[in-house]
Protein chains: 2
Amino acid sequence: MSTVGKAVSLLELFTLHEPDIGLSDLARRAGLDKATVRRLLMALSEHRLIEQEPRSRRYRLGAGLSRLARIRDAHFPFVRLAAPVIRELSLETGETVHLSEFSAGALLTLHVELSAKANRVNVDVGQVLPLHGTASGIAFLAASRLEAVSAYLEKPLPAFTSFTMTQPDDLVKAIALAASRGYSRSAQGYEEGVHSIGAAILGADGQPVGTLAVASPVSRIDDAVAGSQGEAAVKAARMISARLTGEA
Amino acid sequence: MSTVGKAVSLLELFTLHEPDIGLSDLARRAGLDKATVRRLLMALSEHRLIEQEPRSRRYRLGAGLSRLARIRDAHFPFVRLAAPVIRELSLETGETVHLSEFSAGALLTLHVELSAKANRVNVDVGQVLPLHGTASGIAFLAASRLEAVSAYLEKPLPAFTSFTMTQPDDLVKAIALAASRGYSRSAQGYEEGVHSIGAAILGADGQPVGTLAVASPVSRIDDAVAGSQGEAAVKAARMISARLTGEA
DNA sequence: AATGTCGGTTCAAATAGTGAACCGACTTGG
DNA sequence: CCAAGTCGGTTCACTATTTGAACCGACATT
């Protein structure tokens, strides 16, 4: 792996739940030597991508990232463009709809529009969704290049509920089905009682950049409802894709 | 320079005004070989810190940055904590107040609270302020380590108006004055007709992370007004610093 | 048709990265 | 209260990664 790749993978060790990490811990998790990690951290902190809290001596993500992200967001306003479409989809279906962006092997929830109903699915912004076991993930895989899919299938597929697909073969079938009809469907694969319909959002290069998903209590869903949600989700995802690529 | 440093300096070539850049251009501006730049870009894009627009083949900042920035902002909510204080300072002084964060040798405007008055100073979010010639910059330098100040003084100081301090000696005096009274004062150093009072905001390590500044039309300012604005600005900056370090 | 630029590739030479061993300072636990 | 383990950080001989001049084909300009 390139030195740059190692440095960036250090950044990726920081999460919402663990915003600061010590040197030895970083080295262990990154699978690198402590001396190497420290040198990389120094290089990163010179550019403010990493900061060190002087009291605890622990490291955290730096201000430079906020700055770079603002520059990007000004010209690739994923959330800003998608939010109104997500909102309309939520109103149309009467269900919770969430938007996620792919990053580092998983989907990160960026925006949520909650259902107005009392019995609804709640999703948190910042939540990380696995590619298998969620409708969003399957929709994403169905839109990905074959090599990305097979790379993902190499790794073990942890179970989140008793319904989670953990067999690669089952997943391949689900991906094929999602690819053929444009949207994915998943029931209780990640959380019990939750049914989801997912659709991929494509970037300018035709590669998927994220997904949206309609999440409902399983009790409210039958095949007819799922079908109409699927069509609406696909339409919404296409609309966002078009806006992203400047076609609308 | 380390390889990582080179890679990050590539990221820093992208700005609000120039969000995508071609390969040769990047190499030229970074002072690196084209082959080197390309390899670095590939490493960065593997982690989604860089994307390539497939039509134009130009490069731009990637989605991974937005994700990392969100993780950081969740735990270092500079703007979120500062905004209410900035607003109160604006109401108290009746003038435009803006908040900036240091990054890559300059101050980036993150948040602005405009004066309610008809004759007011307008500042844009995203605007980049030089360290010399703005009250914010002088306040920042006054709170910085001596070595950082001397490093800044090495470089030439461009003039923005006929009032801009371009002599290092003058700047040193202004910094000393600001350090002694806690706030800086600058008239028309960056834009004609604008008077500003700046104060530094310190991070957990005691180093300045950014500044706030009260900006008024010169016509409304005399020494008494400047003094009271200065005191209010210092108080507000200290409040934000305390919130940042979790002391309030 | 000629010239210049673009993005991208190659490979021998050179430079930058690496990691085991070692600090001193703290914490933990018997 | 000492021994063992951890922490962040440093050193330096060894080595693997990075580097860049030269070279593509494609496109634009003249």
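On a predicted model such as this, the values are computed, not experimentally measured, just so you know. Order of the sequence lines fixes the chain letters, A, B, ..., with proteins taken first and strands second; residue numbering starts at 1 for each chain.
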Checklist line | Between dT18(D) (P) and Met1(A) (CE): distance, integer Å | finding: 11 Å
Next item on the list: Report the C-alpha separation of Gln127(A) and Val112(A) in whole Å, then their side-chain angles, then the decisive distance to 0.1 Å, and conclude whether the side chain to side chain contact (heavy atoms under 4.5 Å, CB included) test is met.
Entry: CA-CA 11 Å; Gln127(A) 197 170 348; Val112(A) 177; over 6 Å; no
Notebook entry, point to check: Considering only heavy atoms from C-beta outward, does the side chain of Phe14(A) approach that of His75(B) to under 4.5 Å?
Noted result: no
Next item on the list: For Arg39(A) and dA16(D), give me the distance from atom CZ to atom P, rounded to whole Å.
Entry: 15 Å
Report each atom pair, protein N/O against N/O of nucleotides 26-30 of chain D, whose distance is under 3.5 angstrom.
none

Notebook entry, point to check: How far does CG of Leu131(B) sit from OH of Tyr152(B), to the nearest 0.5 angstrom?
Noted result: 4.5 Å
Next item on the list: Please check the phosphate of dT17(D) (OP1 and OP2 only) for any side-chain N or O of Thr3(B) closer than 4.0 Å.
Entry: no
Next item on the list: Send over the distance from Asp33(B) CG to dC11(C) C1', rounded to a whole Å.
Entry: 13 Å
Next item on the list: Give the C-alpha distance, both sets of side-chain angles, the deciding distance and a yes or no for salt bridge (charged side-chain N to carboxylate O under 4.0 Å, His left out) between Asp25(B) and Arg28(B).
Entry: CA-CA 5 Å; Asp25(B) 220 5; Arg28(B) 230 174 285 118; 3.0 Å; yes
Checklist line | Donor-acceptor contact present, side-chain His98(A) to main-chain Thr211(A), <3.5 Å | finding: no
Please tabulate the protein-to-nucleotide N/O contacts below 3.5 Å involving nucleotides 4-8 of chain D, giving atom names and distances.
unit_1, atom_1, unit_2, atom_2, d
dC7(D), OP1, Arg28(A), NH2, 3.0
dC7(D), OP2, Arg28(A), NH2, 3.0
dG8(D), OP1, Leu23(A), N, 2.8
dG8(D), OP2, Ser24(A), N, 2.7
dG8(D), OP2, Ser24(A), OG, 2.6
dG8(D), N7, Lys34(A), NZ, 3.4
dG8(D), O6, Lys34(A), NZ, 3.3

Item checked: Heavy-atom neighbours of Arg238(B) CZ exceed 12 at 6.0 Å -> no
Next item on the list: Tell me, with the steps shown, if Arg29(B) and Glu18(B) meet salt bridge (charged side-chain N to carboxylate O under 4.0 Å, His left out).
Entry: CA-CA 13 Å; Arg29(B) 296 194 210 185; Glu18(B) 193 168 17; 2.7 Å; yes
Checklist line | Given dA21(D), dG17(C), dT19(D), the nucleotide with the shortest approach to the side chain of Lys6(A) | finding: dG17(C)
Checklist line | Those residues that, when tested against Ala159(B), pass side-chain contact (heavy atoms from CB on, under 4.5 Å) (two or more places apart) | finding: Thr164(B), Thr166(B)
Note to self: Below 30° counts as parallel, above 60° as perpendicular, anything between as tilted: where do the rings of Phe102(A) and Phe140(A) land?
What the structure shows: parallel
Item checked: Protein-nucleotide distance (Leu32(B), atom CG; dA21(D), atom C1'), rounded to Å -> 15 Å
Item checked: Side-chain N,O (Thr36(B)) to OP1/OP2 (dG20(D)) below 4.0 Å -> yes
Item checked: Nearest-Å distance for atom pair CE/C1', residues Met42(B) and dT19(D) -> 17 Å
